[in-house]
Structures are given as structure tokens and as C-alpha cells.
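Per chain, numbering begins at 1; letters A, B, ... match sequence-line order.
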Amino acid sequence: MATVAEDENPRRERASHHEGFLSHKRMRWLKLALILCLVAIVSYAFVDVEPRHNGGSWYGYTLGTIGALLIVWLSLLGIRKRKMTAGKWSLKAWTSAHVYLGLALIVIATLHTGFQFGWNVHTLAYALMMVVILSGIYGISVYANLPVPLSNNRREMTKGQMLDALDAIDRQLEKAAQPLGRAESDFVIAALEQDTFAGGLGARLSGNYRNCRTTEALDMLADREGDPATAKVLSLLRKRKAQLDQIRRHLRIKALLEIWLYIHVPVTIALLGALAAHIVSVFYYW
Amino acid sequence: MDFRIRSIDFTAAGREIVREREVAADEVLVGRNAGCAIHLPDLAVEQQHVRITPKPGGGLKLDAVASLGFTIDGRNTQSASIDPAKGAELGVGSYLLEFSREDDGRVAITVRQRADDEGEGKDRLRGFSLGGALPGKRAMSWIALTAILLLFLAVPVVSHLTRVEVEPDIEGEGAVLMDASWSTGDLSSVHHGLEDNCEACHTEPFVAVRDETCLTCHEGIADHAADTRMALGMPAPQGADALLWDIAHAFNKPGPGACTDCHTEHEGAGRMEPTAQQFCADCHDTLDSRLTDTQLGNAADFGELHPEFKVAVLPRKGAVETVRTSLSANPRDWNGLRFPHDLHLDPESGVTQMARRLGEQAGYGDMLECSSCHTPTADGVRFLPVNMEENCEACHSLVYDRVGTTFRTLSHGNIDQIEADLMAADRSPRRPITTGRRRPGEFAEGGLYYGNFSSVAPAVLRSNALEPDGLCGECHYPGDTAGGVLSVAPVTQTARFMMHGWFDHDAHTQEDCATCHAADTSSDASDLLLPNLSSCRDCHEGENSLTAEVPSGCAMCHSYHPREGAAAAPPRIAGNLSLRERN
């Protein structure tokens, strides 16, 4: 999202440039988050809690309150992002704060625990929070790195065109396979009928499609290259395979780009539940 | 080159009409213009859109004539080369042109209009999203949220509210389900039995653990001081402290002074952590400014602010009541004995010589050690009273006669018996110094001039028994003469001088006795050989000391709840004590 830089001199040409949410306002929120972490760490070292630091001291409750408010605010991005605005509280500023304050939460929440962990709802909330933060870190890193490979793989084709190309090959394949015998035709039918998007999450993420009927048809017909009709079918099958590979590479990069949200969002909601249980349980068994 | 152009149309009823024509030309033009060999009536097609020219070797070259491109097998391009034998599909506007090589060697171009439903529109593109391979985010969120709230909130709360309340029991099991997931840490070893019985302490929802709850089990515990004295002695919280207490009270926390203020739980298995010295120092550091009549000195930190030890001593010869006196006044303790420690520990004294002569058989080494006379109690905490028969008599013999191979010994502590024994000894004939020979005539035993010249003369023994070097007076002071000639002053061996502080000798076995007790320079039994505050500070300083060998909080020696006797040890030490006794 491009913003217009604030300019003190109106006579000068108004320069427009892109500034990502990570470097928004010269990393204002990174600095703020670092200060927050530093204050937390230093005070953790200097505040004397007997017999040892834990979430139940006055200091622990303070960190816990800050952490809980942060978590609730951070999760509100899900609502805020649906309304793009510019200016001081622009969505970009909000996202920048979301990222850096979310990272600061690692320090604040860890100090809140006093490094005491166990098999309980309190550690569950902490673990869910860490999963959310780590998935967020992953999300940012793939958003920074994967768009280029994704774009390169497109070779100026839209998703629709990729499917159209596959259709074009399929139409020719159907015609070309007419002279083939029963067994050979069945391989071609199997290849044509297979859903392009078949294959589970594992296949999408790895790009390894074990049950690919096109590959199977290629393997089964490979030794009949001598027959001209079969040779044509083989040539078309290879084209189909190449087109499928492009689609699958696209699917793979897209899956790597999207998978984190399938963790980040549901686990955030689970975290809000665990956080509620954590807080209520502490005061219930006060 | 010859081309066979086959166009496929459909009638209104959907029937296919195929028309074929042969074209012999060097190039074939595809376009909206009626002059083109392949005429496509579609506004999306240019007047002249694609030029098809043969290439040597049977291939075809396809070029866009104007700026709009075309698709080959679905791919956008401006120019392409194809082999009709392998087939290809050219897309221009709404038309598809399929290339193939016929059996007679001609290139066939089949022209047909793209069907309306081909491509299925945007729905097909959804497959590209990961959503197709995963359950929805919303569904996953609801399931996780519901499961967590149900398991970790609803189940414990409902089962807590609907439970049947019973008297808490350390052996009992709780009725609340899933509340183990609420525990913030293991309980200390003393409360381990309550681990799965949370509601034993957490009786009411949103009410912090109250003193009454603790007292259901710890019923015998005594108060630190009278309520009025406590109220007077405690400083009102100031500043940040006051703010913290205000917040704590707003959240329904009891205190200050509640059990849970000092005794924190869920800090992990093992011994309950001793209370920090700050809890004591809060009041005791300036206690005299509030409790002006207190006899206690201010104390905040053993290394920095702690009064000199006070000991309960018998201040005078014959005193019966002990008096608590500060060690700074160099008090003496009259225990009723004459005993010079220095003589017994001097390596050149007769005592040492005697110990050496008695040697190992009697349990001595080259000289007397403290342990030659002082025996620790079974728990090792302090020492048993010195016992005449076991600890002194090896040297300080009370043997007064020998009959055959046995010795007759006066019965220590039993004056009547001693009197009787001595009297009887005086009457009975003495053994001859030599055997086999008799004194001549009337000098012999039973004769007129018989005299008893044996080494022990009972009458003399008795009459000067309480002289400083007499039979009893060597160790005892003369007592009340109304009790008889042999009456001695009562002996009081104090087992514990400090009544409100705890000291465990067993915890100090790495030190020599002489490090703390200056016995080798003491010439009188009334010397109080107790170490003072400053000598303890050689090793012990306050809890937060960085320089001390043993940083020591108040709870190391003191107990908040007043106790009597052996239980006056801080509970954690008393706990160790009972362990040792069991072993």
C-alpha cells in the first residue's frame, strides 16, 4: 500500500514511495517493542519476588495484564484489517504494530511465566500463544520470499489460463487417443478424469503427487513409442504433465504462502479461549 | 501447400454440420475480414489476426499480424511454431482452431466455436486456494475454542459448583473434575496429599485461600503475638506498598498477616520455601518505634541488624531461677560444679598424662578431646548432660576398697549409700598389704595393737570430702549442711541457653568445637563458653548477603509461631529432625 509522504515544504514536489509495514515510519513500532522488552527484562532482573518469579506476584500480574491486553488487541487485527484506512492509525501502522508488539509478547509472556511450565491450562495458553507468534514469523518470511518464485512460475499466465491450457491439451488428447486400444485408452481416461486439484495437504506442500494418473499413463505407454498414434498421445501426455507441473508448483508455493494463516487464525481463537480459561481459573481458585 | 479447412457449426437443434474445403496457398490468414482464408465472425478477432506459413520439414509458423496475440494450447503468445503431426490448438477470440496431419499428408485445420460452458468460469479457480485441501479456518476456530472452554473452564467450574462439600482431608480425593489443569505448580511435600483435592483449600469461587481454611488442619498453631500487640507493631503500608495492598484488597485478597502472605504454595514439589527475611523485617526492623515497651532489639538482617544473643543463665552461685541476659554483659552461669576446662585440655597437664596412660582401652587418645566427655544427643542437635559414671569416673575414681579382684565404688549421687559404705568400710578388717604373711603377735589382725593402715581411711575420707581437693569437693561445692556432711550444691547442666533461637550442632560438624567454644582458656566452670553474635557472623550473614559463607534468613533460626520444647525448632528443621530420628 503506497502512502504519500508527509511533506513540510508544500512547494516541493510531492514524492510518493512505497514503504512496507515492516519499515513503517522508520520502524517506529520496532523501537517501541524493543523498549517494552528492555523495560520488562530489566525490571524482571531488579524486582525481588520471593521465593522466585512467577505469574502470581504483583509483578507477574502486571506483566500478565499487559500480555493479555496485547493478545486481545493483536487479535483485533482480524476485524481491523477488513477496513483499510490511511493516516495516523492506518491499517499499515496497525499491521506494523501488530507484528512488532506480537514479537515483544514473546518476552513479556515468557517473563510472566517466571519460566515455570507444567501440564496445565496456563502453559497451554502460553504454548498456543507461541504457536501463533511463530506462525506469524513464518508468515512474514514467506510473504517476503515466495511472491517472486510464484510470479516466476506463472510465466505470464493467469490461473485461468493455466487451466485453459490444460483443457486445450485434454481436448487434443481425447481426439488423439481415438485409435488406441482398450487398455491404453483407460490410462488416458484415468489421466483426463483426475481432478487437477486432487491430492491432500501433504501433496500440495511437498509437490509430490504419488497418485498422478498422467505420470502413470506416461509410464505405462512409454514402451510403445513406435506406434505413431501412441507417440502422439505420449507427446500430448508429456505436454499435459508439463502443464500440470506448472499448476502444481503454483499450488505448492500458494500452499506455503497460505498455510500459516490456517494455523495463525484458528490457534489465535483457541488462544483467546485458553486465555479466558487461564484468567478465570486463576481468580476462581484465587 | 495444401490445407484442408474443416469448419464445424451447429444447427439451432444442436446438430453438428461439418463443412470441408481445400485451400492451396503459401500462407493462410485467419481474421474477421471476409477475405481471409479462415473467416471468423467475432468482434474479438482482428481483421487479419494470425498468419499461418509452412516451414521446411512439415512444420507451421504462426504469427500475430496485428498487436493482439493468440493462444497455442492455452498459452498466450505472439508467434509460435507447431508440428501438425503432433497436433496443436490455436485460440483466437471465441474460436478454436485445431491442427492435425491427415493420413494423405495434408494439414487439416478444424475450426469450431468455443462452447459457452468451457472453463466453468471462476469456480474452477477456487481449487488453487489452499482452502480446498483444509477444513475452514472458521470451523477449526470454533471447534478449538469450544473444546478448550468446555474442558478447561466449564467442566471444572460446573463440577466445583455442584460438588458435595466435605471436610478437607489430606488423604482425600477431590470431586472437581479437570481442575488439575488449573494447578500452577506442584504443592510442597507437606501438602502433597492435597495435590488432587484443590477444593480442600480453594473452597469458595473467587475467594482467596483464607486463614480459617488453613486452620482446619493446623488447628494447634499459636499466634505470633497478641492481636493488639501485632496491630501496634505492624507498620501501615506506605507508598507503592499501600497501593499494592489496595489492589490486592480490591481483588479480595486477605492480609497483611494472612497465612498465605508468608507461606506460598504451588512453588514446585519439595520442601516449602522458608519465609523470606523481609516478612520479618517489615515489622522488626523498627519495632521499638511502635512497640515502645518491647524488650526485643530491632532486627532486619542477621549480618547488619540483629541484637546480641540473650541467654538464660543461673547468674549466681545457688541461683535457682534462670535470668535472660545479653551475651554482651559477659554473664556467668553457675552450674554448681568446679571444673577447669583448661586443665583438662592442656597437653602438658597431669590430666593429659593420665588420659594417655589409660589409653585407647578407656577410649582416650594422646589427650582429652571434647568428645571424651561430651556426648551428642541422638538427633545431634545438642549434647547430653555430662555423666559422672561415664564421662569422669575413669579418672575421678570413687573406688574405696578392693575385695579380691573386684573394686568397691562409692555410689555417686546417693549420699546415704555413700555414708553407709564408708561406715562399713571403716569397721571391716583391711586386707593385708602382702599375702601369705601375718603380723606378729598382738599386732596381727584381731590382736590388741592391730592398726588399719590401708591407703583409704574412710573416716578421713568423709570428714574432708568437701575440701577443694577432697573426695567430693574436687568437683562439687558444699551444699546445704542440713542435708548432711556430704551434701553438695545442686548441679544444673543447661541443655539450651537460647530459648527463642534455634541452633543445631549437627549442622556444624565441619567445624572444630574450639572454633566457637573457647574451652582451652577457661579455668572455671562458671565461664559461659557460648559464641556471641559476631563469631556467628564469621559465616552467617543476612539472606541477601553476597559475601557470607552461609546467607541466613530469619527462618533459619527462628520460628514465627511460638512453640515449646523440641518443637521450637523452625518447622523445616524440626522436619529434618524427625527424619533423622526415624533413621
Exercise for the section: Examine whether an atom of Leu161(B) lies under 4.5 Å from a heavy atom of chain A, and if so say whether it belongs to the side chain, the backbone or both; otherwise answer neither. Expected result: both
Practice task
Output the option from Leu261(A), Ile263(A), Leu272(A) having the highest count of non-hydrogen pairs under 4.5 Å with chain B.
Solution key: Leu261(A)
Completion exercise
d(Asp241(B) CG, Trp58(A) CH2) to nearest 0.5 Å is 10.0 Å
Exercise for the section: Please flag which part of Ala154(B) lies under 4.5 Å from any non-hydrogen atom of chain A: side chain, backbone, both or neither. Expected result: neither
Exercise for the section: Tell me, out of Thr146(B), Thr184(B), Asn76(B), Leu149(B), who's got the most heavy-atom pairs with chain A below 4.5 Å. Expected result: Thr184(B)
Handout entry: Residue part contacting chain A, namely of Gln278(B), when any heavy atom lies under 4.5 Å
Key = neither
Practice task
Name the member of Ala270(A), Ser281(A), Ala277(A), Gly199(A) that forms the most heavy-atom pairs with chain B at distances under 4.5 Å.
Solution key: Ser281(A)
Problem - CD/Glu225(A): more than 12 non-hydrogen atoms of other groups inside 6.0 Å - result: yes
Practice task
State whether Lys175(A) and Glu98(B) are salt-bridged, where the test is any N-O pair (Lys NZ or Arg NE/NH1/NH2 against Asp/Glu carboxylate O) under 4.0 Å.
Solution key: yes
Fill in the blank from the handout: With chain A, the option among Gly91(B), Ala144(B), Ala85(B), Ser100(B) that has the most non-hydrogen atom pairs under 4.5 Å is Ala85(B)
Exercise for the section: Spell out, as yes or no, whether a donor-acceptor pair under 3.5 Å connects the side chain of Tyr262(A) to the backbone of Pro135(B). Expected result: no
Problem - Heavy-atom pairs under 4.5 Å with chain B, option from Met157(A), Arg52(A), Lys232(A) with the top count - result: Lys232(A)
Problem - Partner chain A: residue of Lys137(B), Met178(B), Lys86(B) with the largest heavy-atom pair count (under 4.5 Å) - result: Lys137(B)
Exercise for the section: Among Asp179(B), Ile247(B), Val209(B), single out the residue with the greatest number of heavy-atom pairs under 4.5 Å to chain A. Expected result: Asp179(B)
Practice task
Taking Gln161(A) for its side chain and Gly74(B) for its backbone only, find out whether a donor-acceptor pair lies under 3.5 Å.
Solution key: no
Handout entry: Euclidean distance, Ile259(A) CD1 relative to Leu130(B) CG, rounded to 0.5 Å
Key = 5.0 Å
Practice task
Fit a plane to each ring of Phe197(A) and Phe128(B), take the angle between them on a 0 to 90° scale, and name the class: parallel (under 30°), tilted (30 to 60°) or perpendicular (over 60°).
Solution key: perpendicular
Exercise for the section: For atom CD of Gln178(A), decide whether the heavy atoms of other residues, nucleotides or ligands shown that lie under 6.0 angstrom number more than 12. Expected result: yes
Handout entry: Engaged part of Thr71(B) at the chain A interface, taking heavy atoms whose separation is under 4.5 Å
Key = neither
Exercise for the section: Could you go through the side chain to side chain contact (heavy atoms under 4.5 Å, CB included) check for Asn120(A) and Trp182(B) one step at a time? Expected result: CA-CA 6 Å; Asn120(A) 52 44; Trp182(B) 285 6; over 6 Å; no
Practice task
Heavy-atom pairs under 4.5 Å with chain B are the metric here; pick the option from Gly273(A), Ala274(A), Pro266(A), Gly55(A) that has the most.
Solution key: Pro266(A)
Handout entry: More than 12 heavy atoms from other groups under 6.0 Å of CZ on Arg138(B)
Key = no
Practice task
Working to the nearest 0.5 Å, report the span between CD1 of Ile169(A) and CZ of Arg75(B).
Solution key: 7.0 Å
Problem - Pick from Asn252(B), Ile72(B), Thr264(B) with the largest number of heavy-atom pairs that fall under 4.5 Å of chain A - result: Asn252(B)
Problem - Reported CZ-to-CZ distance for the pair Arg114(B) and Arg171(A), which is rounded to 0.5 angstrom - result: 6.5 Å
Handout entry: Under 3.5 Å donor-acceptor, Asp73(B) side chain and Ala168(A) backbone
Key = no
Practice task
Specify which of Thr203(B), Leu151(B), Ile148(B) makes the most heavy-atom pairs with chain A at under 4.5 Å.
Solution key: Ile148(B)
Practice task
Indicate the atoms forming the closest heavy-atom contact of Leu251(A) with Gly127(B), along with that distance.
Solution key: CD2-O, 3.8 Å
Practice task
Over all heavy atoms of both residues, which pair between His160(B) and Tyr284(A) is shortest? Give the atoms and the distance, please.
Solution key: ND1-OH, 2.8 Å
Practice task
Provide the closest heavy-atom pair for Arg204(A) versus Ala133(B) in the form atom of the first, atom of the second, distance.
Solution key: NE-CB, 3.8 Å
Handout entry: Among the listed options Glu156(A), Gln172(A), Lys254(A), the residue most often paired with chain B at heavy-atom distances under 4.5 Å
Key = Gln172(A)
Practice task
Please confirm whether the backbone N or O of Phe251(B) pairs with a side-chain atom of Trp286(A), one donor and one acceptor, at under 3.5 Å?
Solution key: yes
Exercise for the section: Show your working on side chain to side chain contact (heavy atoms under 4.5 Å, CB included) between Leu125(B) and Thr158(A) and close with a plain yes or no. Expected result: CA-CA 10 Å; Leu125(B) 301 183; Thr158(A) 64; over 6 Å; no
Completion exercise
On a heavy-atom basis, the closest approach of His266(B) and Gln116(A) is O-OE1, 4.2 Å
